[in-house]
Amino acid sequence: MNAHRTLATAARVLRQLRHDPRSIALMLLVPCVMLLLLRYVFDGSPQTFDSIGASLLGIFPLITMFLVTSIATLRERTSGTLERLLAMPLAKGDLIAGYALAFGFLAVIQSLLATGLALWALGLDVTGSAWLLLLVALLDALLGTALGLFVSAFAASEFQAVQFMPAVIFPQLLLCGLFTPRDNMAPALEAISDVLPMSYAVDGMNEVLRHPSVTGAFVRDAVIVAACAVLVLALGAATLRRRTA
Amino acid sequence: MMNNAEPPAIEARGLTVVRGPRTVLRDLTFTVPKGQITGLLGPSGCGKSTLMRATVGTQAKVTGTLNVLDHPAGAPALRSRIGYVTQSPSVYDDLTVRQNLDYFAAVLDPGRGLAARRRHDHVTRAIEDVDLTSHADALAGNLSGGQRSRVSLAVALIGAPELLVLDEPTVGLDPVLRRDLWNLFHSIAADRGTTILVSSHVMDEAERCHRLLLVREGELLADDTPQALRTRTDSETVEAAFLHLVDEAIAAQRDNTPTTENGTPSTENGTPSRSPR
């Protein structure tokens, strides 16, 4: 791997996005609008908004980055630019790290906007530090990038890639504890939710919500999400083949 | 022209490529000399692109020997020495021409300072080479098909690679542009000593090559100069020579296959083609 090539790749991805201001606007504004909506949906029960809002701060970056990465990587595969790059002296790690950096940067901005809005304008009541919320959001974004990269290898078209969103994200969304605490679920489902990374993202957010300082459970959750991201990134790298049939 | 002392740019022996259930290239043996333009010709689907992908090292399931610039094809050392243009233009539509080239240049020759200045020169020259200076700041996606394929070609020219592998670079271009590009190929080969392997299914382009590889259904029909091909087959043009060789191959195939294997006649209309002279 080479830092210059990684940075050049990240700069290129961001430059591509700059020519598409509408996508940037959607990526950054949709989570804010959703939080705003949610705030007034739960107008009568601010506690519900606290818990769901905090969880969503972790879920938005994951979903956005998943979608963006899976489509972007698929485009790279179908346009022939991936084949060209892999015939050049570019390490697979350079490409993946470049994407992760570029989208990670975007995720930071998205999380800053969403977290700032939730905490200061919408009165989201968080006991812990806002920086910890941001940290989990960033890890979630990386996990989303990793998952998107991974599934793009199994999608033959953008149409299929979009269908992976409900297939990969929705089960996690239902089982992550957003709708009901995980220990209230049927034992089988709880066991499944124990191995899905989004569960730990939401758990981590809830730790920050309830505890003033960094707890052991928070560290465990953050490490699990980060480890999952790295693992899936490695799997994603393995799906990039220099030689294809 | 004959310089036997120098090793060839590409050397294939018993080269076979399988894609799925199909053997796309069957036992090819040939060499591509350095510093010349070698044309790879044959009908669509004959295996030209597969041969080019094998040469640049992006094709899986390649067996036999394939050496490129004294390395096995696909060796990491080759990745900065070969320029490759895929059949459909492989550039980023949401970047400008210059941004596209800047990125690929940074992959080939990373770093700041001196490297950055070198890249700037390479990119400017590549854009001039393909005559897109006036469109350097246009989005690739807004260009015409021919212009986009020239951007794709410009990417391959960055950094003066020793071997250029061009998969149908002139498809869909008007005659003037085609002529200009062929002039460019010749000047690149003559001035920079670059070896060019270029595929086409347009036979009149064959006349512009130094050497030709004629491929049909994954097999090599001929490996010769255009002049020698015309003389050997007593034809006016390379196209006629190619057709002659195809007919010969079909006739040879028919003589070798037993007719009792299945009831239906295997040839179209069942009429025998002209017997070879």
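In what follows, chains carry the letters A, B, and so on, assigned in the order in which the sequence lines appear, proteins first and then strands, with residues in each chain numbered from 1. Because the structure is predicted, anything quoted here is derived from the model rather than measured.
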Chemist: Go through Asp94(B) and Arg75(A) one step at a time and tell me if the side-chain contact (heavy atoms from CB on, under 4.5 Å) criterion holds.
Modeler: CA-CA 11 Å; Asp94(B) 40 9; Arg75(A) 273 167 69 186; 2.9 Å; yes
Chemist: By a 4.5 Å heavy-atom criterion (distance strictly below it), what part of Arg53(B) contacts chain A: side chain, backbone, both, or neither?
Modeler: side chain
Chemist: Out of Arg5(A), Glu83(A), Arg84(A), Arg241(A), return the one with the most heavy atom pairs under 4.5 angstrom to chain B.
Modeler: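 If we count pairs closer than 4.5 Å to chain B, Arg84(A) comes out on top.
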Chemist: For the NZ atom on Lys61(B), are there more than 12 heavy atoms of other groups (residues, nucleotides or ligands in this structure) within a distance under 6.0 Å?
Modeler: no
Chemist: For the backbone of Gly74(B) and the side chain of Arg242(A), can you confirm whether one donor and one acceptor N or O come within less than 3.5 Å of each other?
Modeler: no
Chemist: So do the side chains of Leu85(A) and Val107(B) get within less than 4.5 Å of each other, counting heavy atoms only?
Modeler: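 They are in contact (side-chain heavy atoms under 4.5 Å apart), so the answer is yes.
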Chemist: List the atom of Tyr84(B), the atom of Ala87(A), and the distance in Å for their closest heavy-atom pair.
Modeler: CD2-CB, 4.4 Å
Chemist: Is it the side chain or the backbone of Leu78(B) that comes within 4.5 Å of chain A heavy atoms, both, or neither?
Modeler: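 Neither part; nothing is under 4.5 Å.
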Chemist: Rounded at 0.5 Å granularity, tell me how far CZ in Arg112(B) sits from NE2 in His4(A).
Modeler: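 Here the rounded value is 6.0 Å.
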Chemist: Working to the nearest 0.5 Å, report the span between NE2 of His19(A) and CG of Leu95(B).
Modeler: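 Those atoms lie 5.5 Å apart.
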Chemist: Side chain, backbone, both or neither: which part of Leu90(A) has a heavy atom under 4.5 Å from chain B?
Modeler: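 Both backbone and side chain.
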Chemist: Where does Val85(B) contact chain A at under 4.5 Å (heavy atoms): side chain, backbone, both or neither?
Modeler: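 Interface part for Val85(B): both.
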Chemist: If you count heavy-atom pairs under 4.5 Å with chain A, which of Gly141(B), Gly111(B), Ser80(B), Ala106(B) comes out on top?
Modeler: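 Maximum pair count with chain A is reached by Gly111(B).
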Chemist: Which answer fits Ser152(B), side chain, backbone, both or neither, if we ask what part of it has an atom under 4.5 Å from a heavy atom of chain A?
Modeler: both
Chemist: Under 4.5 Å from any heavy atom of chain A, what part of Ala115(B) do you find: side chain, backbone, both or neither?
Modeler: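 Neither part; nothing is under 4.5 Å.
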Chemist: Both conditions, 6.0 Å and 45 degrees, for the charged tip of Arg15(A) above the ring of Tyr103(B): are they met here?
Modeler: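 No cation-pi geometry.
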Chemist: Give, as side chain, backbone, both or neither, the part of Asn2(A) having an atom under 4.5 angstrom from any heavy atom of chain B.
Modeler: side chain
Chemist: What is the minimum heavy-atom distance between Gln59(B) and Arg243(A), and which atoms define it?
Modeler: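 Smallest interatomic distance, heavy atoms only, reads O-NH1, 2.6 Å.
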Chemist: Under the side-chain contact (heavy atoms from CB on, under 4.5 Å) criterion, do Met88(A) and Ile158(B) qualify, and how do the steps go?
Modeler: CA-CA 12 Å; Met88(A) 284 183 166; Ile158(B) 299 169; over 6 Å; no
